[in-house]
Amino acid sequence: MNEWIQLRVDCPSERLEEVCDVMSVFDSHLQIDDPNDIDRIETVYGELIGEELLQADRGRASVSIYISPSRNASEYASMIKDRVAAVCGADFELTLNGVREEDWADCWKQYYKPLKIGERLTVVPRWETYNPQKDELIISMDPGMAFGTGTHETTRLCSALLEKYMKPGDKVIDVGTGSGILAIAASLLGAGKVRAYDVDPDAVKIAEENAAINNCQNVSCGVSDLLGNIDRSEKFDFMTANIVADIVIRMSPDVCGCMKDGGLVAVSGIIDRQADEVREAMTANGMTLVDSLFDNDWNAMLFRCKR
């Protein structure tokens, strides 16, 4: 009998709330283990608290969700890993209990088939044979453990805005690139130059490999915590950021400083209940909403920078 899989993220206690926000996007039932909860209990019999809990590191906490055997646990892990990295940098640990690590790395491939993510864009796994239609743009992908197979609504929504609004020759920046899927899409759609950044060095390596596979010589990849390591003298026409709402909000004050006047910014990974917060943060920082797309409970928005 197949058992449910525990996906657990261990993180600094001060990042617990943000990590909970990330995890709640994927499941509303969270198991939170925080040693600091002891201090919040007003009345308790001390002898009922085990010594192990009393001695636990108050600087660390964890959040878990449980994934049904009918779901693709590896895809969940890839998506969560990328989003938690945007919050915690490298200071977290993600584990899957109930599945071997080698299975985690490979079992998701059985679910990964060619998928249209736009009018012309189709993502095809490297191990699949596919005959493209006329004018179809093929993104050949091996996402490894980075987020970005194209199967999630957030990626498809962001790619749809990219395909609709990016102009040939545009200089594009992809923030939180994951597997590089949106950076590659921009290149195939005719971008003049593409910069792709991620906080995770492993994701950057995967994105570089995927860009090379797709012969996207105008895509360059680098490590950056959001826009922290970006050369502000280099201004962009179009930005894609498929991350999470809280991170988009945190990044919003820095966005227009990286964009040309009138530059377009596509943000995705936004759950319904946080859409208004993202919209307010972006407009408060000099941007105007141009378009928005929806799929299930997910939102993607396009803004224009004005200076």
Side-chain angles (χ1 to χ4, degrees), residues 86 117-121 137 139 148 150 152-178 180-198 207 211 216 218-222 224 226-228 230-245 247-270 274-295 298-307:
I117 62 169
E119 292 296 322
R120 299 172 60 200
L121 293 165
L137 299 174
I139 305 174
H152 200 266
E153 293 93 335
T154 61
T155 306
R156 299 199 300 272
L157 290 171
C158 205
S159 67
L161 291 173
L162 180 69
E163 187 171 358
K164 183 177 180 181
Y165 289 98
M166 192 207 80
K167 298 181 180 67
D170 275 358
K171 183 184 289 187
V172 178
I173 179 171
D174 182 29
V175 183
T177 195
I181 189 169
L182 292 172
I184 293 166
S187 177
L188 296 179
L189 288 166
K193 181 184 291 185
V194 185
R195 305 289 194 201
Y197 295 95
D198 202 285
C216 295
N218 63 342
V219 175
S220 60
C221 305
S224 180
L226 300 179
L227 300 172
I230 308 303
D231 180 359
R232 299 305 174 91
S233 67
E234 185 176 21
K235 305 300 182 183
F236 297 89
D237 300 289
F238 203 104
M239 176 185 292
T240 54
N242 179 26
I243 36 184
V244 290
I247 307 305
V248 172
I249 292 169
R250 176 157 67 90
M251 181 179 72
S252 60
D254 300 320
V255 169
C256 285
C258 298
M259 304 300 292
K260 295 179 182 178
D261 191 25
L264 295 173
V265 181
V267 295
S268 189
I270 302 161
Q274 292 184 287
D276 289 342
E277 295 176 59
V278 171
R279 190 181 302 108
E280 290 167 6
M282 298 292 274
T283 55
N285 284 283
M287 287 165 271
T288 303
L289 183 65
V290 175
D291 198 358
S292 56
L293 300 176
F294 314 90
D295 191 354
W298 296 97
N299 296 256
M301 304 178 194
L302 186 79
F303 295 88
R304 187 183 303 277
C305 284
K306 290 197 277 188
R307 288 183 290 173

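We're numbering straight along the sequence, starting at 1.
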Evaluate the side-chain proximity of Leu189 to Leu162: yes if any heavy-atom separation is below 4.5 Å, no if none is. yes
State the CG-CD1 distance between Leu157 and Ile270, to the nearest 0.5 angstrom. 9.5 Å
What's the separation between atom CE in Met239 and atom SG in Cys258, rounded to the nearest 0.5 Å? 5.0 Å
Might you point out which heavy atoms bring Leu161 and Ala300 nearest each other, and give the distance in Å? CD1-CB, 3.9 Å
Report yes if the side chains of Ile173 and Tyr197 come closer than 4.5 Å at any heavy-atom pair, otherwise no. yes
Mind checking whether Val267 and Phe303 have side chains closer than 4.5 Å, heavy atoms only? yes
Which atom of Ala207 lies closest to which atom of Gly178, heavy atoms considered: CB-O, 3.8 Å
Can you check whether Asp237 reaches Val172 side chain to side chain, under 4.5 Å on heavy atoms? no
Ser268 versus Val248, closest heavy-atom pair with distance: O-CG2, 4.5 Å
Asn218 side-chain N/O to Ala191 backbone N/O, donor-acceptor pair under 3.5 Å: yes
Measure across Ser224 and Ile230 and return the closest heavy-atom pair with its distance rounded to 0.1 Å. OG-CD1, 4.1 Å
Examine the side chains of Ser220 and Arg195 and answer whether a donor and an acceptor come within less than 3.5 Å of each other. yes
Salt bridge check, Lys164 against Asp291: does any charged N sit closer than 4.0 Å to a carboxylate O? yes
Distance from Met259 atom CE to Leu227 atom CG, nearest 0.5 Å? 10.0 Å
Between Leu293 and Asn299, is there a side-chain heavy-atom distance shorter than 4.5 Å? no
Please report the interatomic distance NZ(Lys193) to OG(Ser187), rounded to the nearest 0.5 Å. 13.0 Å
For Gly262, is there any backbone N or O sitting under 3.5 Å from a side-chain donor or acceptor partner on Arg304? yes
For the student: nearest non-hydrogen atoms of Ala245 and Gln274, plus distance: CB-OE1, 3.5 Å
Hey, which of Thr288, Val265, Ile249 is the one that makes side chain to side chain contact (heavy atoms under 4.5 Å, CB included) with Met282? Val265
Do Leu182 and Ser159 have side chains that approach each other closer than 4.5 Å (heavy atoms only, starting at C-beta)? yes
Pairwise side-chain contact, Val194 with Cys216, heavy-atom cut-off 4.5 Å (strictly under): no
Determine the minimum heavy-atom distance between Ala266 and Cys158, stating which atoms define it. O-SG, 3.9 Å
If we ignore hydrogens and angles and just use 3.5 Å, is the side chain of Lys235 paired with the main-chain N or O of Gly257 as donor and acceptor? yes
Between Arg279 and Asp276, does at least one N-O distance fall below 4.0 Å, as a salt bridge requires? yes
Using atom types as modelled and distance alone, determine if a side-chain donor or acceptor of Asp170 lies under 3.5 Å from a backbone N or O of Met166. no
Here the gap from Ile243 atom CD1 to Leu226 atom CG, rounded to the nearest 0.5 Å, amounts to 5.5 Å
Hydrogens and angles aside, do Asp198 and Thr177 bring a side-chain donor and acceptor to less than 3.5 Å of each other? no
Given side chains that start at C-beta, do those of Leu264 and Phe236 come closer than 4.5 Å, heavy atoms only? no
